[in-house]
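Here's the structure, in structure tokens; my notes come after.
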Amino acid sequence: MRGKDEQQLDVFSYVSPEQRVPQDHPLRPLRVMTDEALRELQTTVLTSCTPKTGRPSIAPEKLLRALLLQAAVLGAQRTAVDGTTRL
């Protein structure tokens, strides 16, 4: 059973992440592309791969977004440390 892909914007802070992150931040366009791709995946792949019964899981969209963010941050850190952009 799939969990819901809900954003808990004000759990730890009164300021939302949308207000905290600058509008020209490089990750904003990546978020838009990721959301579009995950919407397409949800209609084709993600709904057919998950069981209909059982305990709700973490939404696969959340897990994929987290992995993508980790890769982006790791790449930025690596670039800052040694000046290369390899992954």
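What you see below is based on every heavy atom in this structure, not just the backbone, and it leaves out hydrogens, waters and symmetry mates.
- Under the side chain to side chain contact (heavy atoms under 4.5 Å, CB included) criterion, E36 pairs with V32, R39, sequence neighbours left out.
- To the nearest 0.5 Å, atoms CG (L41) and CG (L64) are separated by 7.5 Å.
- Grouping Ile, Leu, Val, Met, Phe, Trp and Tyr by side-chain contacts under 4.5 Å, direct or through others, leaves L67 on its own.
- Of the possible donor and acceptor atoms, none in the side chain of R65 sits under 3.5 Å from a partner among the backbone N and O of P60.
- With side-chain heavy atoms closer than 4.5 Å counting as contact, directly or through intermediates, the hydrophobic cluster containing L30 also holds L27, M33, L68, L69, V73.
- Checked against side chain to side chain contact (heavy atoms under 4.5 Å, CB included), P22 has the following partners two or more places apart in sequence or in another chain: D24, H25.
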